[in-house]
Amino acid sequence: MTSAQVINPATEEVVTTIEAASEAATDAAIARAQQAGAGWRALAPGDRARLLRRFADAVDADLEHLARLEVTNAGHTIGNARWEAGNVRDVLHYSAGLPERLLGNQIPVAGGVNITFHEPLGVVGVIVPWNFPMPIAAWGFAPALAAGNTVVLKPAELTPLTAIRLGELALEAGLPENVFQVVTGKGSVVGQRFVTHPAVRKVVFTGSTEVGKQIMAGCAQQVKRVTLELGGKSANVVFADADLERAAATAPYAVFDNAGQDCCARSRILVQRSVFDRFLELLEPAVKGVRVGDPGDAATEMGPLISAAHRDQVAGFIEPSTKIAFTGTRPDGPGFWFAPTVVLPTSPADRLLTEEVFGPVVAVLPFEDEADAIRIANDTEYGLSGSIWTSDVGRALRVSRAVESGNLSVNSHSSVRYWTPFGGFKQSGLGRELGPDAARAFTETKNVFIAT
Ligand code: TAP
């Protein structure tokens with residue numbers, strides 16, 4: 001075993017050191033998960049449901065502790081971190097309703113009876129990034145467990161603390177040993193082994209599109225099932241007939257939340273030309289008013305970036321020629337801070353319009369009419385989220401249908417509800433998480449004909 005340091009991104013202090021599992025240790029965890037599978041899938045659905053509810057209750061009882069761990073490990077604001085721990089609880093409670101609802105069909109046939117079953121896959125490997133360590137883990141492991149699979153979870157090397165705690169809470173709640181395991185370590189070792197190990201029947205990966213493509217290619221070698229949640233370059237489209245004050249007041253939070261380290265970040269604001277200047281006038285005080293600082297303070301709205309290396313990467317997007325409209329504030333002193341930054345791109349080829357920055361940088365650009373707005377919104381390889389601001393219901397529906405994106409909100413910026421499906425078009429991903437079909441994604445449909 002090697003080890004990795006966990007750094008507090010708001011202070012740059014070393015919080016602790018965590019073991020990095022070897023390939024052999026990963027294999028051992030997968031073998032234990034495989035062994036635990038028979039007992040877990042044989043449990044009555046109601047008993048599996050009861051254990052998931054107890055896991056949810058254990059998370060709820062530990063909510064403040066989990067939230068504080070995330071403030072320290074990921075620099076999330078305490079408000080966000082509480083929401084994230086609450087989301088894990090809610091996803092577990094919702095998933096607890098699924099085992100008893102994995103209904104098959106009876107399909108009319110001649111000469112017998114035809115029925116379908118939704119069988120668990122076996123061992124599921126869940127690979128989690130550092131941007132939302134708790135919710136993204138739960139969106140994979142909770143429905144996978146509900147469907148009768150066992151799970152090995154690999155958190156990001158930078159943010160393992162809440163995942164480790166969730167593993168402890170599962171055991172405290174009474175989940176049988178090895179049904180849900182957390183293995184910390186490198187993506188290139190632990191995560192890669194999920195891809196190559198034949199006993200892992202599905203990989204759920206959230207992270208960069210680049211690594212997602214490698215994982216998909218690797219899984220293809222065994223026709224392994226895969227769900228991918230990848231990058232985004234989402235558009236926030238503001239029409240002239242919108243409530244401009246509200247659109248401008250909320251726009252910063254749609255991109256600077258979690259310091260822009262959000263695959264759903266609305267990092268392109270498209271504004272109808274007739275109200276472009278007025279919108280910028282309204283946006284400026286809203287951006288300058290974002291409270292950036294100590295993530296443990298309940299008044300803080302934006303914390304630091306995750307690491308020094310990531311801050312360098314974000315800073316690399318701002319070239320000497322970049323036209324900066326205005327910026328917000330950032331604290332001095334230690335911490336991986338980056339001020340909210342609003343840029344005015346001068347060409348459609350600008351990297352700030354085509355690449356995911358994953359930091360607090362937003363590009364604002366004008367459009368002429370509805371068709372132009374749709375064209376620009378779709379002018380990206382990504383398709384994860386987006387917002388549409390208008391007072392015209394017909395336009396809201398037309399544009400929602402035309403934008404190639406998995407999650408859109410009208411006159412709002414919300415993307416995630418645990419009871420509705422979430423996922424991307426195009427290179428933003430493959431498959432859907434959450435919602436009523438979440439557990440189905442962790443099953444194979446089996447068709448059985450019985451001659452009579
Ligand atoms: P990734 O490298 O994609 O890492 C995501 C997860 O995959 C981590 O747990 C990582 O492990 C693991 N991983 C890395 N290489 C792997 C491999 N070859 N096989 C299996 N697992 C592997 O993302 P990152 O380095 O954290 O961030 C890089 C960029 O990706 C960001 O700047 C951002 O643009 C994007 N990103 C997007 C999202 C979402 S939600 N769309 C989330 C995070 C990052 P380690 O922790 O050991 O690296």
Side-chain angles (χ1 to χ4, degrees), residues 1-23 25-26 29 59 62-82 84-85 88 126-137 153-169 181-192 206-208 211 258-262 291-316 330-339 358-360:
M1 292 258 183
T2 54
S3 58
Q5 284 185 334
V6 174
I7 311 279
N8 180 333
T11 62
E12 303 185 31
E13 286 162 357
V14 177
V15 180
T16 185
T17 302
I18 298 289
E19 279 182 355
S22 63
E23 188 175 308
T26 309
V59 170
D62 202 54
L63 195 140
E64 189 62 21
H65 174 230
L66 283 165
R68 290 283 166 191
L69 274 181
E70 210 67 292
V71 171
T72 306
N73 190 172
H76 288 195
T77 63
I78 183 65
N80 279 5
R82 286 183 183 130
E84 291 156 24
V88 177
V126 180
I127 303 173
V128 178
W130 46 257
N131 64 329
F132 288 110
M134 281 193 278
I136 289 173
L153 171 73
K154 191 209 95 67
E157 238 197 328
L158 294 174
T159 54
L161 299 189
T162 48
I164 292 169
R165 183 65 190 138
L166 288 172
E168 293 166 356
L169 290 171
Q181 296 174 81
V182 177
V183 177
T184 53
K186 283 191 180 304
S188 55
V189 178
V190 181
Q192 183 58 23
T206 306
S208 60
V211 175
N258 206 26
Q261 302 164 120
D262 182 346
R291 289 190 289 266
V292 185
D294 174 7
D297 181 339
T300 297
E301 294 174 314
M302 192 182 115
L305 293 172
I306 190 68
S307 65
H310 187 56
R311 183 176 57 185
D312 289 348
Q313 197 178 318
V314 171
R330 48 151 288 180
D332 294 325
F336 309 124
W337 305 102
F338 199 96
F358 228 59

Grab the two heavy atoms, one from [X] and one from [Y], that are nearest each other, plus how far apart they are.
X      : Y      : answer
Trp337 : Pro334 : NE1-O, 2.9 Å
Ala29  : Val183 : CB-CG2, 3.7 Å
Pro133 : Val128 : O-CG1, 3.6 Å
Val190 : Ala21  : CG2-O, 3.8 Å
Thr206 : Pro129 : O-CD, 3.2 Å

Just do the side-chain contact (heavy atoms from CB on, under 4.5 Å) check on Asn73 and Val6 with the steps written out, would you?
CA-CA 7 Å; Asn73 190 172; Val6 174; 3.3 Å; yes
How about [X] and [Y]: do any of their side-chain heavy atoms sit closer than 4.5 Å?
X      : Y      : value
Phe336 : Glu12  : yes
Ile164 : Ile18  : yes
Ile7   : Ser307 : no
Phe358 : Gln313 : no
Asn131 : Ile136 : yes
Gln192 : Ile127 : no
Leu69  : His65  : yes

Rounded distance [0.5 Å steps], [atom1] in [X] versus [atom2] in [Y]:
X      : Y      : atom1 : atom2 : answer
His76  : Gln261 : NE2   : CD    : 6.5 Å
Phe338 : His310 : CZ    : NE2   : 10.0 Å
Glu84  : Leu63  : CD    : CG    : 10.5 Å
Glu19  : Thr2   : CD    : OG1   : 9.0 Å

Which of these passes side chain to side chain contact (heavy atoms under 4.5 Å, CB included) with Leu166: Val59, Asp62, Val182?
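When side chain to side chain contact (heavy atoms under 4.5 Å, CB included) is applied between Leu166 and each of Val59, Asp62, Val182, only Val59 qualifies.
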Which side-chain N or O atoms in residues 293-306 pair as donor and acceptor under 3.5 Å with protein atoms at least two apart or in another chain?
residue	atom	partner	partner atom	Å
Asp294	OD1	Gly296	N	2.8
Asp297	OD1	Ala299	N	2.9
Thr300	OG1	Asp294	O	2.7
Thr300	OG1	Asp297	O	3.4
Glu301	OE1	Tyr253	OH	3.2
Glu301	OE1	Arg291	N	2.9
Glu301	OE2	Tyr253	OH	3.1

CA sep, side-chain torsions, deciding dist, call: Leu66, Leu169, side-chain contact (heavy atoms from CB on, under 4.5 Å)
CA-CA 11 Å; Leu66 283 165; Leu169 290 171; 4.0 Å; yes
Apply side-chain contact (heavy atoms from CB on, under 4.5 Å) to Asp262 and Phe132, showing your working.
CA-CA 8 Å; Asp262 182 346; Phe132 288 110; 3.7 Å; yes
Show which side-chain atoms of residues 154-161 pair as donor or acceptor with protein atoms under 3.5 Å away, not counting sequence neighbours.
residue	atom	partner	partner atom	Å
Lys154	NZ	Gly185	O	2.9
Glu157	OE1	Lys186	NZ	3.4

